[in-house]
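Some notes on the structure that comes next.
In what follows, every chain begins at residue 1, and chains take the letters A, B, ... in the order their sequences are listed.
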Protein chains: 2
Amino acid sequence: MQTSETSTQQESSGACPDDDLAFDVFSRNCPSRGTLEHVTGRWGSLTVGALHDTTFRFNELRRRVDGVSEKMLSQTLHALERDGLVQREAQPTNPPRVDYELTPLGHEVAERLLDLIHFLEGRMPEVLAARERYDEMREGLGSR
Amino acid sequence: MQTSETSTQQESSGACPDDDLAFDVFSRNCPSRGTLEHVTGRWGSLTVGALHDTTFRFNELRRRVDGVSEKMLSQTLHALERDGLVQREAQPTNPPRVDYELTPLGHEVAERLLDLIHFLEGRMPEVLAARERYDEMREGLGSR
DNA sequence: CTGTATCCATTCCGATACTG
DNA sequence: CAGTATCGGAATGGATACAG
């Protein structure tokens, strides 16, 4: 089980938190880039978005985030928990019950993420129109 | 050359824009999910973020988005252009000069994205602290 | 129910070489 | 400079089986 960049990551030339000018995502090896990827990743964004409204149990979340596999949801949840955005609450009952919810920090992230998501959803007609224009123009000057 | 979901995508049961309740990213086959992934993807978010401040030429952008390969930048730019977020401006000079800039829609996306990015950058100390706590607790109850 | 472990196909993505 | 084409290794991600 690896968080995908813990092993891949190697230090190169300049780091980013070395000066007190803070964490710049544009630098290759800045840890903020990793967190950004957890949050904006394919399943991360949807998971955080879903948890903004309410807490979920594992399989509830799995149904809400349409298309995610057990493996990916588990992996995503671990990464978010490690970054302090998600809180895992396990109750030692039988059968076991585990609830996932956002931390306060997670909620602040979710707000910003949902703002982006809702904006995009609302502008999809424009996006779709742009796509058609783009695709049309391509067959016009056909290579092949 | 494929945008990675144009070929993968197959229609399954319910679509999401069938009712006029709009585009829900939580549905597996909603086109808004694809656009969200272009925008929030590993290179998409950084590309859009970089272009918010100023226009860039291809190789300038490549240097700004530290770590991106030619191939990925090209691919990312095409996807964003197709979605109507990026405008490509080619001048038929010699040597060729091509400028990339955001469309008005792209700018609105960039604002929201940068809001998220800057928020995360500012909270990295908390994230890093959470990680340490998480990692510590793990070696305590060691499997292995 | 809540996960982890394994297998395997697909995709990603960087390096390189090449075109205009 | 601004890309495209191709290749191969690495990572992603889904299905299944299994464990607590």
Side-chain angles (χ1 to χ4, degrees), chain A residues 1-10 12 28 33-34 37-38 40-47 55-81 86 88-101 138 141-144, chain B residues 1-10 12 28 33-34 37-38 40-44 46-47 55-81 86 88-101 138 141 143-144:
Chain A
M1 151 255 300
Q2 77 286 43
T3 332
S4 94
E5 93 283 25
T6 41
S7 48
T8 304
Q9 189 167 214
Q10 90 291 22
S12 27
R28 187 180 5 233
R33 190 181 278 194
E37 276 166 30
H38 295 158
T40 61
R42 184 158 180 204
W43 303 118
S45 58
L46 298 176
T47 302
T55 78
F56 276 105
R57 300 175 60 179
F58 189 83
N59 280 320
E60 288 175 340
L61 202 47
R62 192 153 142 46
R63 279 187 291 277
R64 171 70 175 141
V65 180
D66 193 20
V68 70
S69 67
E70 290 186 0
K71 180 183 169 181
M72 282 302 106
L73 181 56
S74 174
Q75 208 169 288
T76 301
L77 249 10
H78 278 307
L80 293 174
E81 188 191 354
V86 162
R88 183 178 180 278
E89 205 122 356
Q91 291 161 41
T93 61
N94 190 308
R97 178 191 178 100
V98 181
D99 288 288
Y100 291 93
E101 61 184 338
R138 292 248 127 184
L141 40 83
S143 52
R144 185 219 66 278
Chain B
M1 153 258 300
Q2 78 287 45
T3 332
S4 94
E5 94 283 29
T6 40
S7 48
T8 305
Q9 188 167 213
Q10 90 294 21
S12 27
R28 183 173 17 223
R33 191 181 277 194
E37 276 166 30
H38 295 157
T40 61
R42 185 160 179 202
W43 303 119
L46 298 176
T47 302
T55 79
F56 276 105
R57 301 173 61 176
F58 188 83
N59 280 317
E60 288 175 340
L61 201 47
R62 192 153 142 47
R63 280 186 291 275
R64 172 69 175 142
V65 180
D66 193 21
V68 70
S69 66
E70 290 185 359
K71 181 182 170 181
M72 281 302 105
L73 181 57
S74 174
Q75 207 168 289
T76 300
L77 249 10
H78 279 306
L80 293 174
E81 188 191 354
V86 161
R88 182 177 180 278
E89 206 123 354
Q91 290 161 42
T93 61
N94 190 307
R97 178 192 178 98
V98 181
D99 289 287
Y100 291 93
E101 61 184 337
R138 292 248 127 186
L141 39 84
S143 52
R144 185 218 57 266

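- Protein atom CZ of Arg97(A) is 10 Å distant from nucleotide atom C1' of dC1(C), rounded to whole Å.
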Side-chain donor/acceptor pairs under 3.5 Å, residues 64-74 of chain A, sequence neighbours excluded:
from     : atom 1 : to       : atom 2 : distance (Å)
Asp66(A) : OD2    : Arg28(B) : N      : 2.9
Ser69(A) : OG     : Met72(A) : N      : 3.2

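- With axes fitted over five pairs at each extremity, the angle between the ends of the helix from dC1(C)-dG20(D) to dG20(C)-dC1(D) is 40° (10° resolution).
- Rounded to whole Å, atom P of dC1(D) lies 14 Å from atom CG of Asp99(B).
- Under the salt bridge (charged side-chain N to carboxylate O under 4.0 Å, His left out) criterion, Arg42(A) pairs with Glu37(B), sequence neighbours left out.
- Shown here are the side chain to side chain contact (heavy atoms under 4.5 Å, CB included) partners of Arg97(A), two or more places apart in sequence or in another chain: Arg57(A), Gln91(A), Thr93(A), Asp99(A).
- Nearest to the side chain of Trp43(A), among dC1(C), dG14(D), dT2(C), sits dG14(D).
- What separates CD of Gln91(A) from C1' of dG3(C) is a distance of 16 Å, to the nearest Å.
- Atom CG of Leu46(B) and atom OG1 of Thr40(B) lie 11.0 Å apart (nearest 0.5 Å).
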Check: Between Val86(B) and Thr47(B), does a side chain to side chain contact (heavy atoms under 4.5 Å, CB included) hold up when you go through it step by step?
Finding: CA-CA 10 Å; Val86(B) 161; Thr47(B) 302; 5.6 Å; no

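- One interatomic measurement links the two molecules: CD of Glu60(B) to C1' of dA2(D), which rounds to 12 Å at whole-angstrom precision.
- Note on Arg88(B): every side-chain N or O is 4.0 Å or more away from OP1 and OP2 of dA2(D).
- By the side chain to side chain contact (heavy atoms under 4.5 Å, CB included) test, Arg88(A) pairs with Glu81(A), Ala90(A), Val98(A), Tyr100(A), sequence neighbours left out.
- Nucleotide dG3(C) holds its P atom 7 Å from the NE2 atom of His78(A), rounded to whole Å.
- Rounded to an integer number of Å, the gap from CG of Asn94(A) to P of dC1(C) is 12 Å.
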All N/O pairs under 3.5 Å across the protein-nucleotides 18-20 of chain C interface:
none

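- Taking only side-chain nitrogens and oxygens, Tyr100(A) comes nearer than 4.0 Å to OP1 or OP2 of dG3(C).
- The CZ atom of Arg28(A) sits 12 Å away from the C1' atom of dG14(C) (whole-angstrom rounding).
- Between Asn59(A) atom CG and dT4(C) atom C1' the separation is 14 Å, expressed in whole Å.
- Across residues 61-74 of chain B, Glu70(B), Lys71(B), Ser74(B) each have a non-hydrogen atom less than 4.0 Å from an atom of DNA chain D (numbered order).
- Nearest-nucleotide positions on DNA chain D for Arg42(A) and Leu77(B) put Leu77(B) closer to the 5' end.
- For Asn59(B), the side-chain hydrogen bond (donor to acceptor under 3.5 Å, both in side chains) test picks out no residue, with sequence neighbours left out.
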